[in-house]
Amino acid sequence: MNTTVHRLRGVGVSPGLAYAPAVVLEWKFPDVPDRSVSPDEVPGELERLHAAVEAVVGILDRLRERVLERAGLEESRIFEAQMMMLRDVDFLAGVEHLIRQNNLSAETAYEFKALELRAAWGGTGNVRLRERLADLLATQIRVLRHLMGQSGEELFGLKEHRHVVIVAHELYPGLTVQFDRDQLLGLVSEEGTRTSHAAILAHSLGIPCVMGAAGAVARIRSGTMVLLDGTTGTILIEPNIAELEAAQITATRRHKLDLELESTARQPAVTPDGHLITLMGNVDLPDEIEAAVRYGAQGVGLLRTEFLVTGRSHLPSESEQFEYFRRVTAAFGNETVIIRTYDLGGDKFPAAFAAPSEANPFLGWRSIRVCLDQPEIFRPQLRAILRAAADKKIQIMLPLVTRVDEVERAKEMLAEEAADLAKAGIRAAREVPVGVMVETPAAVIIADRLARVSAFFSVGTNDLTQYTLAVDRGNANLAERFTPHDPAIIRMLRDVLAAGVAHGVPVSVCGEMASEPLYAVLLLGLGFTTLSVAPPALPLIKWLVRTVPMEIARAAAAAALESAGPREVSAVLRDAVRSLIDLRLIDPESTLPGRASGGSLLL
Ligand code: PEP
Ligand code: MG
């Protein structure tokens, strides 16, 4: 272990400062000694095994209840999946068999089978299994610790500290929700990027987060104080007084900006030269509804629905989805809520879903493809939307569209469900506008054809960047190449907008790019008048809209379109706003801003 390294750099994926002891999640099994038992001890070992499993199930159930109370039903479901894994009959039969046949102690046999399973899952190269693998590991570590008398309610030593910064090799959406929000001040991971779903979640929850911090797990010891800056992507291990003071100054400066932002939050999103902009919110989890409303979101431009299935043991029923959609629409009164149909696949799949293993899941059976192939998943969602839309402004958005017939087929299915509901006398909308997420190069190129069958377009710049630049959005090693401000993307944005305008189809942007201030300026300059952004970013983007005249944004966008590469685009954008905005408030190195978020600095 190298303890001399003092500063680590990663990518700031969720802004804010945090200063707290680190808790390093090593995801390691405890050292289990190889121990055999005598034949007459075998029944006792079998009993110990089941007692340990049930004890851990009990712990998980208590955690589930706590999360249920704090975060809601959906998030608590992650524990149901974990409990199911723990009680897996085949796995436990395998452990029992080893105990009986080889006279092994319960922990030795359990570790053996757990390692075997881990090797099988880890070796598939299947991204979807990786999230489940983390869940599996967490549960197995708990059982092993219990068998070895090391158990306690808390697995990671979190009990020792009131506040912590979690450091892990990789973070998963499911992992983030397991921690007590008040206790969790920051997140650090070696893997992951700005558009990994765990990063999007951390951002939505306002937890400062740095990803892509190579060597973090080896270099940070649990218990050491770390200062992380989720804006700049810097991590200081045991910072000195001068560094803490500097952080304090940064915090004060950002706080000043926050106050300024607060004062604009209730004002209209209008540029100084009188152009009205619509700012909607992206809602990934029920928790964010309140923040989106509080920050003045003019409706929901992207309601992600995957949380309804990921980490759960079964698919949500139609009525469960209906209740959720009602809840969201109720919070937004008369404003539009755009529900994105399940974007499953890639790194998002339900635990219980028997999806085939694929070499390239991001190029595989994903999103609209899954929905069209699996009507039993898609139709209940469509029905729930139709019912929720009976008296509310709801629109449907289809993810990862690459072909016109996908939209046509989805619309046919929607019409069939609408007719069925009407026939059954169930209160529901007869029609709901169906729009397309433009997030593949194919969709950009055939935008004119898609426009004929789409009520609107919403550009998903996360995937559009991934697929256009051929850069895995979750690969930390390629983070520098993941540039939504690349001229290639900017030109696509221009073209989609032009196609939309030509066919009278409204076009907005809901990818993370819209939540980043300089890029938001670029989007405004390109002519986008509706942006959907992460709720914590709403005040800053509003402030920007109110600060940067459209004339300046347009000139910057025109120069960006002619730029040779993303670096030049960044320079163009900085130069454009330099006289209007204190650029020190926006990260000087990376593109991520300091924005009003829940990040806290305890000094
Ligand atoms: C996108 O791809 O830009 C997007 C908004 O969708 P997601 O991040 O959920 O893939
Ligand atoms: Mg996408």
Side-chain angles (χ1 to χ4, degrees), residues 13-14 127-128 131 172-173 192-204 211 279-285 288 292 297 300-310 337-349 361-371 395-402 406 435-444 456-475 479 482-486 488-490 492-493 496 507-516 519-520 522-523 528 530-535 537 541:
V13 301
S14 176
V127 191
R128 290 199 300 271
E131 181 169 341
Y172 301 93
T193 60
R194 178 73 186 83
T195 49
S196 321
H197 287 97
I200 293 173
L201 191 61
H203 187 196
S204 309
M211 288 189 164
L279 294 182
M280 304 176 88
N282 291 350
V283 172
D284 312 342
L285 289 176
E288 295 162 67
V300 178
L302 167 62
L303 183 74
R304 289 185 170 97
T305 55
E306 296 73 44
F307 86 92
L308 287 161
V309 281
T310 44
V337 171
I338 301 181
I339 301 176
R340 178 175 75 182
T341 54
Y342 289 140
D343 187 20
L344 302 174
D347 60 354
K348 298 172 284 193
F349 246 104
F362 278 99
L363 300 178
W365 196 49
R366 287 193 58 185
S367 306
I368 188 68
R369 302 168 188 179
V370 174
C371 284
Q395 301 187 345
I396 291 178
M397 178 153 81
L398 306 174
L400 208 80
V401 166
T402 55
E406 291 164 338
V436 160
M437 252 186 117
V438 177
E439 52 181 355
T440 62
V444 175
F456 63 91
F457 288 154
S458 181
V459 188
T461 50
N462 307 336
D463 277 316
L464 186 60
T465 305
Q466 159 166 273
Y467 293 122
T468 303
L469 302 182
V471 174
D472 176 353
R473 61 191 272 185
N475 185 338
F482 190 88
T483 44
H485 55 304
D486 193 290
I489 310 295
I490 304 175
M492 287 185 152
L493 285 159
V496 175
V507 190
S508 60
V509 177
C510 66
E512 299 302 304
M513 186 178 185
S515 302
E516 303 195 5
Y519 301 163
L522 172 61
L523 294 172
F528 290 92
T530 301
L531 304 180
S532 190
V533 309
I541 301 300

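For ligands, and for the atoms within them, numbers begin at 1 and follow the listed sequence.
- Atom CD1 in Ile489 sits 8.0 Å away from atom CE in Met513 (nearest 0.5 Å).
- Under a 4.0 Å criterion applied to the non-hydrogen atoms of Gly511, ligand 1 contributes the atoms 3 (O), 5 (C).
- Interatomic distance, CG of Leu302 versus CE of Met437, reported as 5.5 Å (0.5 Å rounding).
- Not a single N, O or S atom of Asp343, from either the backbone or the side chain, sits less than 2.8 Å from the Mg ion (ligand 2).
- Only the side chain of Asp343 comes within 4.0 Å of ligand 1, judged by heavy-atom distances.
- Rounding to the nearest 0.5 angstrom, the gap separating the CG atom in Asp472 from the OH atom in Tyr467 is 9.5 Å.
- For Leu302, every heavy-atom contact with ligand 1 shorter than 4.0 Å involves the side chain, none the backbone.
- A heavy-atom distance below 4.5 Å is found between the side chains of Met492 and Thr468.
- Closest N/O/S atom of Asp463 to the Mg ion (ligand 2): OD2.
- When heavy-atom distances to ligand 1 are checked against a 4.0 Å cut-off, Glu512 has no atom that comes that close, whether in backbone or side chain.
- A heavy-atom separation below 4.0 Å is not found between Met513 and ligand 1.
- Residue Arg366 places no N or O, backbone or side chain, under 3.5 Å from any N or O of ligand 1.
- Between Gln466, Glu439, Met437, it is Met437 that holds the heavy atom closest to atom 5 (C) of ligand 1.
- Taking the side chain as every heavy atom from C-beta outward, Leu531 and Leu523 approach each other to under 4.5 Å.
- The Mg ion (ligand 2) is closest to atom OE1 of Glu439 (considering only N, O or S atoms).
- The pair Asp343-Arg304 fails the salt-bridge criterion, with no side-chain N (NZ, NE, NH1 or NH2) lying under 4.0 Å from an Asp/Glu carboxylate O.
- Looking at Arg366 and Asp463, a side-chain N of the basic residue comes within less than 4.0 Å of a carboxylate O on the acidic one, giving a salt bridge.
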